[in-house]
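All remarks here apply to the structure that follows.
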Amino acid sequence: MKILVLPGDGIGPEITETTLDVLKTVDQIHNLGLDFEQKDIGLKSLAEQGTTLPDAVMERIPQVDGVILGPVSHYDYPSKQEGGFNPSAELRVQFELFANVRPCRSRDGLSILRTPMDLVIVRENTEGFYSDRNMFAGTGEFMPDENMALSVRKVTAKASERVARAAFEIAQGRNKKVTAVHKANVVKLSDGLFLREVRKVAAEFPDVQLEELIVDAAAALLIRKPHEFDVIVTTNMFGDILSDEASELSGSLGLGGSLNAGHNIGVAQAQHGSAPDIANQGIANPTSLILSAAMLLDWRGRRDNNPALIAAAADIEIAVETVLANPLTRTGDIGGSLGTREFADEVIATLPRERVAQATA
C-alpha cells in the first residue's frame, strides 16, 4: 500500500511523524508492505515553491493508495493568486472526496455526557455553505457594495445521493439507523432536495431505519440523548459543526478520527486545526491523526478485500482506546502528562506483542 504523506503546518509535522511510527509498527506486525512517500505542502512549500499546494502533489494523489494530510494553517495563507490554496478544500473538491466520515465514541473519565455516545457522522464534503469551493469558477461569496455581503449555498442531487449512500452502507454494518439532519423548515428548496435524495437511497435499504431531524434539535439531542443516534448524514456545514460538537462531548476534538473518502481516493485527516501556538513544543495530542490513519487502512482494506489492513486498523484503534483509558497515559490537553512522542510510544507498546514476536521471528 503506497501512502502519500503531507505533514502540513503548525503541529502537523509532529503528529504526522508519530502517526507514521505507529503505522510502521503495525506494518511490521501484519506484513502490510506499507510504502511511505512524503511531500511538502502549506507554508513550507509556499516559501520554497511559491504555492501551498504544488502541482506535483496533486498529480501524485491519484497514483497512490491513500493520503495522510496533516493540519494546515489555511487561514494564514495569502490569496490563491499569490499561491495560497487551501489543501483540504482543494483535495476534497478536485478528487470528489464526497464523504467526510467522523466516528464519535464516549470515553470514561473524559466524556461529559450522562449516557454513552457511539455514533458516526457522515458529512457531505464538497459543496453546501462552503462558498470558497462550491463554484466551477470564482467564489460563491461576494459583496455588491461595501455594506452588503452575500453567500450562495449549493446543494445538488448528485452530492446528496452519494453521501446518503455512504451513510446507509455504514449503518448496515452498525445498528441500522440513519438520521438525516436538515433545516428544511427554513431552507426549503436546498434541504428539501437533500432530503429527497436521502429518501430515495433509503428505499434501497429497507432494513435500515430513516429518521429526519432538524439541525437545532439534533444539536440538543446530541447532549441529552446521544445514545439514540447511530449514523448521522447531513450537509457540509451542519456536519462540520455537529461533528465538532459530538467530539467535544465524547471527550475532546483532539480524539476523533476523520476520513475523506471518494470512490477511489481516501484521505486521512485529523479533525482539529494546526494549533501553531503549541507547535514544536512536543505537547500536541496525536490521537486524531493516528485514528484517522487507522480509518484509512480500514477503508483501503475493505476496498481491496485485504484482511491484514483491516486487522491492523483494529489493532491501532484498540491500542489507542487502551492508552486513553488510563489517566496516567493521556496527553496534557486531556488531563495527563505525556507529550506527543510519549503518547505514541505508549500506543506502540500496547499493540499486540505476540504478533510483533511472530513478525520479527
Side-chain angles (χ1 to χ4, degrees), residues 1-27 34-58 60-61 64-78 83-92 252-260 266-297 316 320 323 330-334 336 338-348:
M1 179 177 178
K2 295 182 179 180
I3 299 178
L4 180 62
V5 181
L6 310 172
D9 305 312
I11 61 173
E14 299 167 71
I15 63 173
T16 300
E17 180 181 2
T18 52
T19 296
L20 292 183
D21 288 341
V22 173
L23 291 179
K24 289 172 183 176
T25 303
V26 293
D27 184 21
L34 299 184
D35 181 12
F36 301 102
E37 175 184 344
Q38 185 166 314
K39 290 186 180 297
D40 292 327
I41 60 168
L43 295 173
K44 186 174 182 181
S45 67
L46 179 67
E48 296 176 352
Q49 303 180 53
T51 176
T52 56
L53 190 57
D55 290 342
V57 171
M58 297 296 280
R60 187 65 177 135
I61 288 173
V64 298
D65 299 309
V67 178
I68 294 176
L69 175 63
V72 293
S73 301
H74 62 86
Y75 190 75
D76 298 324
Y77 292 173
F85 296 89
N86 178 354
S88 179
E90 292 295 323
L91 266 60
R92 293 176 187 189
S252 168
L253 183 60
L255 301 180
S258 176
L259 181 72
N260 302 296
V267 177
Q269 182 180 15
Q271 283 198 30
H272 54 75
S274 61
D277 56 318
I278 62 168
N280 302 313
Q281 298 178 40
I283 61 174
N285 187 342
T287 298
S288 183
L289 192 59
I290 292 172
L291 290 177
S292 301
M295 292 178 68
L296 178 64
L297 296 186
I316 293 173
V320 169
V323 174
R330 296 171 182 164
T331 49
D333 59 305
I334 51 174
L338 299 188
T340 311
R341 167 57 54 193
E342 292 78 14
F343 179 85
D345 287 345
E346 288 289 338
V347 172
I348 290 169

- [ ] Would you mind telling me which of Thr25, Leu23, Ile348 makes a side-chain contact (heavy atoms from CB on, under 4.5 Å) with Ile316?
- [x] Leu23
TODO: Could you tell me the separation between the CG atom of Asn260 and the CZ atom of Arg92, rounded to the nearest 0.5 Å?
DONE: 4.5 Å
Open item on the list: Which heavy atom of Ala268 sits nearest to which heavy atom of Leu289, and what is that distance?
Closed with: O-CD1, 4.4 Å
TODO: State the CG-NZ distance between Asp9 and Lys44, to the nearest 0.5 angstrom.
DONE: 11.0 Å
Task: Rounded distance [0.5 Å steps], OG in Ser258 versus CG in Leu296 - done: 11.5 Å
TODO: For the pair Thr340 (side chain) and Ala284 (backbone), establish whether a donor and an acceptor sit closer than 3.5 Å, ignoring hydrogens and angles.
DONE: yes
Task: By side chain to side chain donor-acceptor pair (under 3.5 Å) - contacts of Thr52 (at least two apart) - done: none
Task: All salt bridge (Lys or Arg N to Asp or Glu O under 4.0 Å) counterparts of Glu346, not counting sequence neighbours - done: none
TODO: Please name the pair of heavy atoms, one in Val64 and one in Lys2, separated by the smallest distance, quoted to 0.1 Å.
DONE: CB-O, 3.6 Å
Open item on the list: Using modelled atom types and a 3.5 Å cut-off, is there a donor and acceptor pairing between side-chain atoms of Ser292 and backbone atoms of Gln269?
Closed with: yes
Task: Heavy-atom closest contact (His272 atom, Gly254 atom, distance) - done: CD2-CA, 4.0 Å
- [ ] Taking salt bridge (Lys or Arg N to Asp or Glu O under 4.0 Å) as the test, write out the residues that go with Arg341, two or more places apart.
- [x] Glu17, Asp21, Asp345
Task: For Glu14 against Gln281, the heavy-atom pair lying closest together - done: OE1-N, 3.8 Å
Task: Distance, nearest 0.5 Å, that separates CG of Asp40 from CG of Leu6 - done: 9.0 Å
Task: Beyond-backbone contact of Pro78 with Leu46, side-chain heavy atoms, under 4.5 angstrom - done: yes
Open item on the list: With a sphere of 6.0 Å drawn around CG of Asp277, does it hold more than 12 non-hydrogen atoms of other residues, nucleotides or ligands?
Closed with: yes
TODO: May I ask you to test the Val320-Val22 pair for a side-chain heavy-atom distance under 4.5 Å?
DONE: no
Task: CG on Leu259 to CG on Leu69, rounded to 0.5 Å - done: 11.5 Å
Task: Rounded distance [0.5 Å steps], CG in Leu53 versus CG in Leu91 - done: 6.5 Å
Open item on the list: Measuring only between side-chain heavy atoms, which start at C-beta, is Asn285 closer than 4.5 Å to Ser252?
Closed with: no
Task: Nearest atoms (heavy-atom pairs only) where Tyr77 meets Gly84 - done: CB-CA, 4.0 Å
TODO: Please report the closest heavy-atom contact between Pro54 and Ile41, naming both atoms and the distance.
DONE: CD-CG2, 4.4 Å
